[in-house]
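Every value quoted in this text rests on a predicted model; they were computed, and no experiment measured them. FYI, side chains are in, hydrogens and waters are out, and symmetry mates aren't considered; it's all heavy atoms of this structure.
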Amino acid sequence: MGLSMGIVGLPNVGKSTLFNAITNSLIEAQNFPFCTIDPNKGIVPVPDDRLDVLAKISNTQKVIPATIEFIDIAGLVQGASKGEGLGNKFLANIREASAIVHVVRCFDNDDIIHVDGSVDPARDINIINTELILSDVEQCEKAIESQKKRCRTNDKAEVLKLDVLTKCLDQLSNETPIRSINLSDSEKDCIKEYQFLTNKKVIYVCNVSEDELNSENHHVAAVKAFVKSEDAQIIQLSASFEHEVSQLDGDEKQEFLNEFGLSNSGLERLAKQSFTLLGLETFLTTGEKETRAWTIPVGTLAPKAAAEIHTDFEKGFIRANVINFDAFVECNGYKVAKEKGKVRQEGKDYIVKDGDIIEFLFNV
């Protein structure tokens with residue numbers, strides 16, 4: 001399944017520097033607003049040490065990790081929903097994303113211009129969130145007008161959709177994002193097609209200076225206080241530091257992180273939090289040809305997980321041969337694991353768990 005994260009924020013908060021680090025690319029990251037004119041996209045692997053362990057045991061030719069697509073959106077400014085700055089076409093790019101990575105400037109540096117003249121994380125977050133709300137208000141109003149015509153037949157599903165849209169508009173008008181509205185699962189499903197911006201989950205990235213990597217400054221504290229009522233996640237990192245880390249390989253990278261008292265890079269933490277935020281996990285397949293991680297929602301049944309590999313696997317599903325990662329490693333592969341009875345046979349009602357290593361049996 002595809003996972004994409006739209007990176008948003010005001011100009012000059014470190015979005016493009018972070019994107020450079022994520023993709024290890026060389027897009028523009030200059031000290032002036034709107035240097036990112038087209039939405040840049042990069043598909044990056046999700047770090048998973050288990051894959052290398054399995055590849056070694058299986059003598060694998062190819063390793064394929066789970067991936068996340070990051071979309072770097074041009075810096076938004078107040079009035080973006082009405083065409084200010086580079087206009088609201090960039091808000092449309094965010095609609096493609098599964099969730100939002102909201103980069104907030106949490107460092108002081110007189111040499112880097114702030115578009116509003118000072119560093120104030122709460123104000124900056126509010127500016128972006130207001131623009132997202134205003135964009136959703138406009139979309140919601142249009143959807144309601146269109147939906148009213150569909151309700152002339154009194155079809156229950158169409159009437160429900162109109163009711164939900166009206167509820168959303170009322171809350172948006174009170175500056176409440178749609179993700180904060182108490183909607184039932186059926187209500188959420190009936191408006192999914194609109195891809196409302198404020199219905200997407202958010203990770204707030206507090207971009208700090210390198211010398212504040214291991215401490216919480218007053219700007220980070222301000223972010224936590226401002227978003228504490230939201231169902232959101234917060235991560236603290238230094239975009240410039242992450243860009244340095246992204247230039248290094250293997251042992252050199254780990255030594256560099258160790259110097260700063262870090263066991264993982266901020267990007268690895270961001271990737272893992274993205275999975276957690278969206279309720280995702282991975283199951284694994286391994287053999288001589290390839291070792292691979294497959295992304296699924298938490299709670300996925302075995303046939304639906306099989307469909308990630310090929311739709312025929314779901315249609316003709318017979319059973320799944322399952323072993324957890326630790327048992328596989330302990331037995332040094334399938335052969336011993338099967339001899340010791342560590343491989344379980346699971347049916348259509350089996351809920352796949354993170355780290356399951358699975359062989360699917362199916363009929364075409």
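No side-chain heavy atom of V13 sits under 4.5 Å from any side-chain heavy atom of N207. Inter-residue side-chain proximity for D356 and Y350 is flagged as met; some heavy-atom pair is nearer than 4.5 Å. Looking only at side-chain heavy atoms (C-beta outward), V137 and L169 come within less than 4.5 Å of each other. Counting heavy atoms from C-beta on, the side chains of F317 and L301 never come closer than 4.5 Å. The shortest distance between side-chain heavy atoms of K224 and E216 falls below 4.5 Å. Taking the side chain as every heavy atom from C-beta outward, N20 and S246 never approach each other to under 4.5 Å. I22 places a side-chain heavy atom less than 4.5 Å from the side chain of I7. Using a 4.5 Å heavy-atom threshold, the side chains of K15 and D72 count as touching.
Within the model, atoms NZ of K201 and CG of L277 stand 6.0 Å from one another, a figure rounded to the nearest 0.5 Å. Taking CG from L284 and CD1 from I358, the interatomic distance works out to 8.5 Å, rounded to the nearest 0.5 Å. With rounding to the nearest 0.5 Å, the separation of CD in E141 from OG1 in T166 is 11.0 Å. Taken from CG in N363 to CG in D312, the straight-line distance is 11.0 Å, to the nearest 0.5 Å. One finds the CD atom of E158 at 9.5 Å from the SG atom of C190 (value rounded to the nearest 0.5 Å). Distance check, rounded to the nearest 0.5 Å: CZ of F325 to CG of D48 gives 8.0 Å.
A salt bridge links R50 and D354; the closest N-O separation between the charged side-chain nitrogens and carboxylate oxygens is under 4.0 Å. A salt bridge links D136 and R95; the closest N-O separation between the charged side-chain nitrogens and carboxylate oxygens is under 4.0 Å. One finds a salt bridge joining E359 and K338 here, because a Lys/Arg side-chain nitrogen approaches an Asp/Glu carboxylate oxygen to under 4.0 Å. With salt bridges taken as basic N to acidic carboxylate O contacts below 4.0 Å, none links K340 and E330. At a threshold of 4.0 Å, the pair K272-E268 does not count as salt-bridged, since none of the basic side-chain nitrogens sits closer than that to a carboxylate oxygen. Between D189 and K192 there is a salt bridge, since at least one side-chain N of the basic residue sits less than 4.0 Å from a carboxylate O of the acidic one.
Side chain of E242 to backbone of A21: no donor-acceptor contact under 3.5 angstrom is found. Q254 places a side-chain N or O within 3.5 Å of a backbone atom of S263 that can act as its donor or acceptor partner. Checked by atom type and distance alone, the side chain of E346 never pairs as donor or acceptor with a backbone atom of I351 at under 3.5 Å. With hydrogens and angles ignored, the 3.5 Å screen pairs a side-chain donor or acceptor of N217 with a backbone N or O of C106. Of the possible polar contacts, none joining the S146 side chain to the A143 backbone as a donor-acceptor pair under 3.5 Å is found. Within the 3.5 Å criterion, the main-chain N or O of G287 finds a donor-acceptor partner in the side chain of T60. In this structure, the side chain of S4 engages the main chain of S98 through a donor-acceptor pair within 3.5 Å.
Partners of D108 under the side-chain hydrogen bond (donor to acceptor under 3.5 Å, both in side chains) rule, at least two apart in sequence or in another chain, are H219.
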task: Take N109 and S209 through the test side-chain contact (heavy atoms from CB on, under 4.5 Å) and record every step on the way to the result.
output: CA-CA 9 Å; N109 187 333; S209 60; over 6 Å; no
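Between T153 and D155, the side chains place no donor N or O within less than 3.5 Å of an acceptor N or O (distance only, hydrogens not considered). Side-chain atoms of T286 and S58 include a donor-acceptor pair closer than 3.5 Å. Side-chain N/O atoms of Q61 and E288 include no donor and acceptor closer than 3.5 Å.
Taking the centre of each ring, F260 and F241 come in below the 6.0 Å mark.
Around the CG atom of D251, the shell of radius 6.0 Å holds no more than 12 heavy atoms that belong to other residues, nucleotides or ligands. The number of heavy-atom neighbours closer than 6.0 Å to CD of E175, taken from other residues, nucleotides and ligands shown, is 12 or below. Around atom NZ of K353, more than 12 heavy atoms belonging to other residues, nucleotides or ligands sit under 6.0 Å away. No more than 12 heavy atoms of other residues, nucleotides or ligands sit less than 6.0 Å from atom CG of D49. Crowding of D349 atom CG: a count of heavy atoms from other residues, nucleotides or ligands under 6.0 Å not exceeding 12.
Hydrophobic clustering of Ile, Leu, Val, Met, Phe, Trp and Tyr side chains at less than 4.5 Å, counting indirect connections, unites I57 with I323. Cluster annotation: L257 is not connected to I235 through the hydrophobic network of ILVMFWY side chains, with a link wherever side-chain heavy atoms come within less than 4.5 Å. A single hydrophobic cluster is not seen to contain both Y194 and L197; linkage of ILVMFWY side chains at heavy-atom distances under 4.5 Å, directly or through other members, places them apart. Linking ILVMFWY residues whenever their side-chain heavy atoms come closer than 4.5 Å, directly or via other members, places V103 and M5 in the same cluster. Using a 4.5 Å cut-off between side-chain heavy atoms of Ile, Leu, Val, Met, Phe, Trp and Tyr, with links allowed through other members, V322 and L51 fall into different hydrophobic clusters.
Of the candidates I133, L132, L134, L172 forms a side-chain contact (heavy atoms from CB on, under 4.5 Å) with just one, namely I133. A salt bridge (charged side-chain N to carboxylate O under 4.0 Å, His left out) with E145 holds for exactly one of K142, K149, K148; it is K148.
Using a 30° and 60° split on the angle between ring planes, F283 and W294 fall in the parallel class, below 30°.
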